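Not measured: the values here are computed from a predicted model. The analysis underlying the following values was restricted to heavy atoms, covering all of them including side chains, and did not include hydrogens, waters or symmetry mates.
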Amino acid sequence: MFKFATQSYHHIPKLFLITLILAISIQTFKQSPYHLLTFALLTISVLTFYFLNKPRTVYLIDFACFKPPNVLRVPYATAAEHGRIILASQPKSIAFQFKIFERSGLGEETCLPHPLHYLPPSPAMIDARDESQLVIFSAMDSLFKQTGISPKEIDILIVNCSLFAPTPSISAMVVNKYKMRSNVKSFNLSGMGCSAGLISVDFAKNLLQVHPESYAVVISTEIITPNSYMGKERSMLLPNCLFRMGGAAILLTNKRSQGKHAKYKLLHVVRTHKGSDDKSYRCVTQEEDKEGHVGIALNLDLMVIAGNSLKSNISTIGPLVLPVSEQLKFLINMLKRKILKLAIKPYIPDFKKAFDHFCIHAGGRAVIDELQKSLRLSAEHVEASRMTLHRFGNTSSSSLWYEIGYMEAKGRMNKGDRVWQIGFGSGFKCNSAVWECNKKIEATKSSAWADCIHRYPVNEPEIVKL
């Protein structure tokens, strides 16, 4: 199933440099004191250059997830009633939507923005801006309160929101609200799907390599007010059933002084893009239906394409995280199959030996089921993903942060634990990030889970009859 890429060659220049220095030092001792002094200065210069150019460690100080107000809840009864009224002339579409709701894995407390509660929904640009401000400002206010950091201290701001791209941009809206410095480096990413949160983290990591002693804020959200599908095509009704309000704000830094205060340390970010393949490129598209209604169309091949993208991503991240024993098992299995032509099954590495916690994008029950099966994970390993889907729905790129928030609220995050975040997005992309916990993390009252964590995990039936 997995084909590991050749890794670890990045250590060769370091080994060559050490060998060279040792060889020269042996020869130098045979020469005059001037040669020795010259060599000493050269060695100091080389070592100084190395340490100055050594990759900076990126820390995650804290993050905050948006908690929607209860007044915006969409319980099963409300969703069913709205479906009957809006699709009154389309009994097959109603039946399809009911079938999705019953198997979605969503609970009774997921939320939609206010304009989508009307019959019929009447979203406008001003409503989309209102949702943006509610979600983002709430998360940012919580983040600043939790960390004690001032908006004026932020050096880098990255916002990702796939489908809502107004002018001025959302990042400009944040700069204006919090009166950030005029030299803040702000970026607004759009159209990159549910995995854009990890793309933003990777972007921030790269910027923090060239801007020392800096703070970076990443905001991940999806504004759904203007993007609810108003048509009748069944392939485009699915996102309406799964997507809900959500957002997260994450504070990153490269300041060594903040290492002891930070929650996590970023170890790896691996990005896989399958856009060169036509099927992958077209499996999730925003388009118009026959009646001119804009929506997100999901191709039937989506799960197969997601699986192939995951395999490619794993082939890169595997050698970086798996213990040698697992890599040897895979190598031996591959040699038996490829060289000896034995009819045996490919060996699937045990990623549970590399990670303590798994955060799978809560895109839907089918996504979580498929990854649990492919990675041979237990119910406990995917608990955070299932409970996030149940409580908050598919919140797009921010879902991974609700999942880490769930594990923190349960008191499961301990010093040294490794967390694997896996996100999928249109294009088609599979991105993953690996974090190491810096300290034992206690549950806080400011968490989006604080008022309901005692009720979780909940039992999820395969079908919830409406």
Non-hydrogen side-chain atoms of Ile154 and Leu251 separated by less than 4.5 Å: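 Result yes, sub-4.5 Å side-chain heavy-atom pair found.
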Pairwise side-chain contact, Val174 with Ile219, heavy-atom cut-off 4.5 Å (strictly under):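 Yes; the side chains approach each other to less than 4.5 Å.
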Exceeds 12 heavy-atom contacts within 6.0 angstrom, atom [atom1] of [X]:
X: Glu380; atom1: CD; result: no
X: Lys439; atom1: NZ; result: yes
X: Lys99; atom1: NZ; result: no
X: Lys352; atom1: NZ; result: yes

Will you find, in the side chains of [X] and [Y], an N or O donor that is under 3.5 Å from an N or O acceptor?
X: Glu131; Y: Thr225; value: yes
X: Gln97; Y: Arg84; value: no
X: Glu287; Y: Thr285; value: yes
X: Tyr347; Y: Glu326; value: yes
X: Tyr59; Y: His261; value: no
X: Ser385; Y: Glu403; value: yes

For the residue pair His273 and Phe428, is the inter-centroid distance of their aromatic rings smaller than 6.0 Å?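 Distance test on ring centres: not under 6.0 Å, no.
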Please find out if less than 6.0 Å separates the ring center of Trp449 from that of Tyr456.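 That pair passes the under 6.0 Å test.
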Does [X] have any side chain to side chain donor-acceptor pair (under 3.5 Å) partners at least two apart in sequence or in another chain, and if so, which?
X: Lys274; answer: Ser312
X: Asn188; answer: none
X: Ser169; answer: Ser171
X: Ser426; answer: none

Output every pair passing ring pair (Phe, Tyr, Trp, His ring centres under 6.0 Å) with a member in [range], not counting sequence neighbours, ordered by first then second residue.
range: residues 183-206; result: Phe187-Phe203
range: residues 205-239; result: none
range: residues 142-169; result: Phe144-Tyr178

Side chains of residues 356-364: which donor-acceptor pairs under 3.5 Å do they make with residues two or more places apart or in other chains?
{"unit_1": "Asp356", "atom_1": "OD2", "unit_2": "Arg418", "atom_2": "N", "d": "2.8"}
{"unit_1": "His357", "atom_1": "NE2", "unit_2": "Arg412", "atom_2": "O", "d": "3.3"}
{"unit_1": "His357", "atom_1": "NE2", "unit_2": "Asp417", "atom_2": "OD2", "d": "2.9"}
{"unit_1": "His361", "atom_1": "ND1", "unit_2": "Ser399", "atom_2": "OG", "d": "2.9"}

Minimum heavy-atom separation for [X] to [Y], with atom names?
X: Phe101; Y: Ala79; answer: CZ-CB, 3.5 Å
X: Leu389; Y: Ser104; answer: CD2-O, 3.4 Å
X: Ala248; Y: Trp401; answer: CB-CB, 3.8 Å
X: Val175; Y: Ser186; answer: CG2-CB, 4.4 Å

Could you tabulate the donor-acceptor pairs under 3.5 Å formed by side-chain atoms of residues 60-69, not counting sequence neighbours?
{"unit_1": "Asp62", "atom_1": "OD1", "unit_2": "Lys263", "atom_2": "NZ", "d": "2.8"}
{"unit_1": "Asp62", "atom_1": "OD2", "unit_2": "Gln146", "atom_2": "NE2", "d": "3.2"}
{"unit_1": "Lys67", "atom_1": "NZ", "unit_2": "Asp451", "atom_2": "OD2", "d": "3.2"}

Given Ser432, which of Ile314, Ile317, Leu310, Val269 fulfils the side chain to side chain contact (heavy atoms under 4.5 Å, CB included) condition?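 Among the candidates, only Ile317 passes.
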Just to verify, which of Ile250, Asn438, Leu252, Ile404 counts as forming a side chain to side chain contact (heavy atoms under 4.5 Å, CB included) with Tyr264?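 That would be Ile404; it is the only one of Ile250, Asn438, Leu252, Ile404 passing the side chain to side chain contact (heavy atoms under 4.5 Å, CB included) with Tyr264.
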Steps toward side chain to side chain contact (heavy atoms under 4.5 Å, CB included) verdict (Glu408, Thr444): CA-CA 8 Å; Glu408 289 185 358; Thr444 63; over 6 Å; no
For a side chain to side chain contact (heavy atoms under 4.5 Å, CB included) check, start with the C-alpha distance between Ser397 and Glu222, then their side-chain angles and the critical distance, and finish with the verdict. CA-CA 7 Å; Ser397 58; Glu222 194 61 72; 5.8 Å; no
Between the side chain of Asp155 and the main-chain N/O of Ala216, is any donor-acceptor distance below 3.5 Å?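 Not at all, since once roles are kept as given, no pair shorter than 3.5 Å links the two residues.
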Considering the options Asn160, Asn431, Thr272, which one meets the side-chain hydrogen bond (donor to acceptor under 3.5 Å, both in side chains) requirement together with Ser195?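 Of Asn160, Asn431, Thr272, side-chain hydrogen bond (donor to acceptor under 3.5 Å, both in side chains) with Ser195 is met by Asn431 alone.
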Atom pairs and distances, side-chain donor-acceptor, residues 115-125, under 3.5 Å, sequence neighbours left out:
{"unit_1": "His117", "atom_1": "NE2", "unit_2": "Leu72", "atom_2": "O", "d": "3.3"}
{"unit_1": "His117", "atom_1": "NE2", "unit_2": "Leu112", "atom_2": "O", "d": "3.0"}

Among residues at least two apart in sequence or on other chains, which ones pass side-chain contact (heavy atoms from CB on, under 4.5 Å) with Ile100?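 Here the qualifying residues are Phe96, Leu238, Cys241.
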Partners of Asp127 by salt bridge (Lys or Arg N to Asp or Glu O under 4.0 Å), sequence neighbours excluded?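 Asp127: no salt bridge (Lys or Arg N to Asp or Glu O under 4.0 Å) contacts found.
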